[in-house]
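Reviewing the structure listed below.
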Amino acid sequence: MNISVVIPLYNEEESIPELGKWIERVMKSNSFSYELVFIDDGSTDNSWIEIQKLRENNANVRAIKFRRNYGKSPGLYCGFQYAQGDVIITMDADLQDSPDEIPELYRMIVEDGYDMVSGWKKKRYDPLSKTIPTKIFNATARAVSGIKLHDFNCGLKAYRKAVVKNIEVYNDMHRYIPYLAKNAGFNKIGEKIVQHQARKYGNSKFGGLSRFFNGYLDLLTLWFLSKFGKKPMQFFGIVGSIMFFIGLLAVIIVGALKIYAINRAESSRLVTETPYFYISLSSMIIGTQLFLAGFLGELITRNSSERNSYKIEEEF
């Protein structure tokens, strides 16, 4: 099979019929063998009914329906596990991603030898309240990951099959799939300028303003795990040793000053009488404990057998 098109969606009943026919038209005109995989993320409208209607007229349509809303990353994770094509294309269901881009994305993977090609919506039809934070977010992601992409979060992407079978998308990590691919050893990552269309129906369903704040936390997690996830002692050992050395040096200095004052028969103020001692000590202890708790919690989550267990109501 040439292509698997994986589409996570939530409450997109208006867009599904048009999107399905558009993709079918592109596939037939290019003689691609394909499957169209919808992941209904617990929609409360008639999205599942519309998908079933597509299935009645197109045997290439496959679908998964979650019992409740989990988010885009779980949808992509299950879609990747389900996909059978040599090249996997992901896109959003809101008609803002054009299926006409599929042939060139496929060619870049098959002929140019890319492991992954990410779309770049150079000209966007989003409000400034979304485009400005997106530019800041992408600049930060480029700096941290070292991957020179303009649009990390573009839903329109193409992957070699081996890529999606060797990465794990969880929580909200769909924003950083290029970084996940790089960490898995797939370094040939390309970019293609793609057409961005104005939303035709409804409003954005995945994410919200909080996704920008959560995105930075996820990026920090990925960076930390890629650097120290397998060898945490290289970080905690060095930092712990430095802090211990500074503390030991401070104790020596305080003790020396105290002995010096006693030898000169001078009265000196107790170190514990100043509030700054307690503030600095408490801040270091609490900050270190919180950071360690977050890191250890992330490690536990990553090794949980139930992390990517989602309740599927129906599939075909």
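Quick caveat, the model's predicted, so the values are computed rather than measured.
- Between the side chain of Ser31 and the backbone N or O of Met27, no donor-acceptor pair lies under 3.5 Å.
- Using a 4.5 Å cut-off on side-chain heavy atoms (C-beta onward), Tyr10 and Ile39 make no contact.
- A cation-pi arrangement is found for Arg62 relative to Tyr82, the charged atom lying closer than 6.0 Å to the ring centre and inside a 45° cone about the ring normal.
- Put simply, CG on Asp151 and OG on Ser118 are 6.0 Å apart, with the number rounded to the nearest 0.5 Å.
- Under the 4.5 angstrom side-chain criterion for Ile, Leu, Val, Met, Phe, Trp and Tyr, the cluster partners of Trp120 are Ile193.
- Between the side chain of Arg25 and the main chain of Ser29, no donor-acceptor pair closer than 3.5 Å is present.
- Within the model, atoms NZ of Lys121 and CG of Asn153 stand 8.5 Å from one another, a figure rounded to the nearest 0.5 Å.
- Of the possible donor and acceptor atoms, one in the side chain of Ser73 sits under 3.5 Å from a partner among the backbone N and O of Met173.
- Listed by chain and residue number, Arg107, Met108, Tyr114 satisfy the side chain to side chain contact (heavy atoms under 4.5 Å, CB included) test with Asp112 (two or more places apart in sequence, or in another chain).
- Annotation: side chain to side chain contact (heavy atoms under 4.5 Å, CB included) contacts of Pro103 (sequence neighbours excluded): Val26, Asn30, Phe32.
- In this structure, CG in Asn69 is found 9.5 Å from CG in Asp40, a value given to the nearest 0.5 Å.
- Electrostatic pairing of Glu50 and Lys53 counts as a salt bridge here, judged by a charged N lying under 4.0 Å from a carboxylate O.
- Qualifying side chain to side chain contact (heavy atoms under 4.5 Å, CB included) partners for Asp45, counting only residues two or more places apart in sequence or in other chains: Asn11, Glu13, Ser43, Ser47.
- A donor-acceptor pair under 3.5 Å is formed between the side chain of Asn138 and the backbone N or O of His150.
- Atom CD1 of Ile16 and atom CG of Leu95 lie 10.0 Å apart (nearest 0.5 Å).
- Taking the ring centroids of Phe186 and Tyr159, they lie at or beyond the 6.0 Å cut-off.
- Pairs of residues two or more places apart, or lying in two chains, that qualify as salt bridge (Lys or Arg N to Asp or Glu O under 4.0 Å) and include a residue from residues 179-193 are Glu101-Lys192.
- Among pairs with a residue in residues 157-167, those fulfilling salt bridge (Lys or Arg N to Asp or Glu O under 4.0 Å) read Asp115-Arg160, at least two apart in sequence or across chains.
- Among the candidates Asp41, Thr90, Asp92, the single residue satisfying the side-chain hydrogen bond (donor to acceptor under 3.5 Å, both in side chains) test with Lys72 is Asp92.
- Looking only at distances, a side-chain donor or acceptor of Arg142 sits under 3.5 Å from a matching main-chain atom of Leu149.
- Between Leu105 and Leu156 the shortest side-chain heavy-atom distance falls below 4.5 Å.
- Two rings, from Phe137 and Tyr176, have their centers less than 6.0 Å apart.
- One finds the CG atom of Asp94 at 10.0 Å from the CG atom of Leu9 (value rounded to the nearest 0.5 Å).
- We find the CG-CG distance between Leu54 and Leu19 to be 8.5 Å, quoted to the nearest 0.5 Å.
- Within the 4.5 Å cutoff, side-chain heavy atoms of Val61 are placed close to those of Phe38.
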